[in-house]
Amino acid sequence: IFQMGDLFDRRKFINFNSLFLARKYFFDELVANDITMYTLIGNHDMAFKNTLEVNSPSLVINDYKNVKVIQNFTTIGLGDTLIDVVPWICDENKNNIIKKIKSSKSDICFGHFEIMGFEMERGSICETGIDKKILSRYDVVLSGHFHHKSTQGNITYVGTPYEMTWSDFNDVKGFHIFDTETRTLEFTANPYTMFNKIIYDDSETNFEFWKAYEYDKHANTYVKVVVVNKQNPYLFDNVIDNLYKASCADIAIVEDFTDTRIEDEIVDQAEDTMTILSKFIDALELDVENDKLKKVMRELYVEALNTEVTD
């Protein structure tokens with residue numbers, strides 16, 4: 001197994017229970033099944049931004065002899081195939097790694113790169129990092145770091161094997177099998193999701209719909225209920241109660257409490273955002289039903305109003 005970096009998430013610490021569970025369900029299973037794993041240092045594994053010297057894998061799983069931690073540019077041979085394994089590039093190792101890439105005789109590279117022009121998450125393009133031309137000498141480059149799976153030319157970001165944050169919602173996750181002879185990637189999708197959204201609109205749904213709803217499928221997951229229309233408070237409370245009974249890990253309710261009426265200071269020409277969007281959609285000539293598009297836009301608008309902003 002090659003784990004493409006960021007084996008752990010926190011730069012400064014790890015929760016003892018998280019470490020216990022990681023050892024029990026993952027690292028001990030590697031030993032039990034006689035599996036060797038190479039893990040290269042990612043930016044979340046290192047305590048300091050300018051050096052890889054202090055890193056969590058080397059410190060907390062160094063007793064696992066079958067786990068090989070790569071913190072320097074390393075060339076590994078698998079049969080007749082040579083693979084360059086490159087950890088996170090920082091101030092301390094940048095010149096040395098670039099020099100070794102240029103002089104390498106390997107055709108394949110596994111790394112944890114930040115490359116300009118690739119999607120970090122769906123729709124979010126990275127505008128910093130190295131130029132992809134630096135890696136053009138390789139036939140195949142597989143990289144960790146970005147959560148979204150994507151390919152440009154010889155470079156593939158493998159993405160995360162499971163959802164980690166709400167940014168990963170509805171983005172297919174999984175793992176790859178790399179054939180060193182044919183140099184092809186076979187993707188296996190992860191059937192499990194951790195984040196789920198429910199669009200609540202009781203102008204279109206009724207008691208029968210929510211009575212038949214499979215609440216149990218959200219057990220142990222994070223659920224976001226986006227409220228588009230709530231005309232029946234009793235029905236809404238019933239839906240939320242059923243979600244709690246289903247043992248969801250967390251339930252967040254996103255409601256639009258925006259009141260477009262401005263008492264005492266009514267501006268005749270003022271229009272709220274949804275009115276502006278609706279008029280704009282009506283003016284377009286599209287091959288879709290305007291009402292359906294407006295519904296989608298309202299869902300996005302309501303959710304955007306309640307999105308937490310993080311650094």
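All heavy atoms count here, side chains included; hydrogens, waters and symmetry mates do not.
Remark: D171 does not engage K149 in a salt bridge, criterion side-chain N to carboxylate O under 4.0 Å. Ion pairing between D139 and R183 holds under the 4.0 Å rule for side-chain N and carboxylate O.
For E53, the CD atom counts as loosely surrounded, since its 6.0 Å shell holds 12 or fewer non-hydrogen atoms of other residues, nucleotides or ligands. At most 12 non-hydrogen atoms from other residues, nucleotides or ligands lie less than 6.0 angstrom from CZ of F48. Within 6.0 Å of atom CG in N17, more than 12 heavy atoms from other residues, nucleotides or ligands are found, so the atom counts as buried in its surroundings. Within 6.0 Å of CZ in F187 there are more than 12 heavy atoms belonging to other residues, nucleotides or ligands. The number of heavy atoms from other shown groups lying within 6.0 Å of CG (D80) does not exceed 12. Remark: K133 NZ is loosely packed, at most 12 non-hydrogen atoms of other residues, nucleotides or ligands lying under 6.0 Å away. Around CZ of F236, the count of heavy atoms belonging to other residues, nucleotides or ligands within 6.0 Å exceeds 12.
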Query raised in the report: So K230 and E255, salt bridge (charged side-chain N to carboxylate O under 4.0 Å, His left out) or not? Walk me through it.
Result: CA-CA 9 Å; K230 184 175 67 174; E255 294 192 71; 3.0 Å; yes
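The distance from the OG atom of S56 to the CZ atom of F13 is 11.5 Å, given to the nearest 0.5 Å. Atom CG in L243 sits 4.5 Å away from atom CD1 in I251 (nearest 0.5 Å). With rounding to the nearest 0.5 angstrom, the CG atom of L235 is 8.0 Å from the CH2 atom of W210.
Of the residues T160, D168, D6, the one that meets the side chain to side chain donor-acceptor pair (under 3.5 Å) test with H147 is D168.
Hydrophobic clustering, with ILVMFWY side chains joined whenever heavy atoms are under 4.5 angstrom apart, keeps L142 apart from W88. Criterion: ILVMFWY side-chain heavy atoms under 4.5 Å apart, direct or through other members. Under it, F2 and V141 are not part of a common hydrophobic cluster. Taken together through direct or relayed side-chain contacts under 4.5 Å among Ile, Leu, Val, Met, Phe, Trp and Tyr, I89 and I115 form part of one hydrophobic cluster.
Neither side chain, D202 nor N232, offers a donor N or O lying under 3.5 Å from an acceptor on the other. Between the side chains of E121 and H148, no donor-acceptor pair of N or O atoms lies under 3.5 Å. Residues Q71 and S58 have side chains that bring a donor and an acceptor to within less than 3.5 angstrom of each other. Remark: the Y138 side chain and the D84 side chain contain an N/O donor-acceptor pair separated by less than 3.5 Å. A donor-acceptor pair shorter than 3.5 Å cannot be found between the side chains of S150 and E119. A donor and an acceptor atom, one from each side chain of Q231 and S203, are nowhere located under 3.5 Å apart.
Between Y234 and F207, the angle of the ring planes lies from 30° to 60°, which puts this pair in the tilted group.
Side-chain atoms of S136 do not come within 3.5 Å of backbone N or O of K132 as any donor-acceptor pair. Formation of a donor-acceptor pair under 3.5 Å by the Q152 side chain with backbone atoms of G117 is found in this model.
For an aromatic pair to be called close, the ring centres must be under 6.0 Å apart, and W166 with Y222 fails this.
A cation-pi arrangement is found for K217 relative to Y213, the charged atom lying closer than 6.0 Å to the ring centre and inside a 45° cone about the ring normal.
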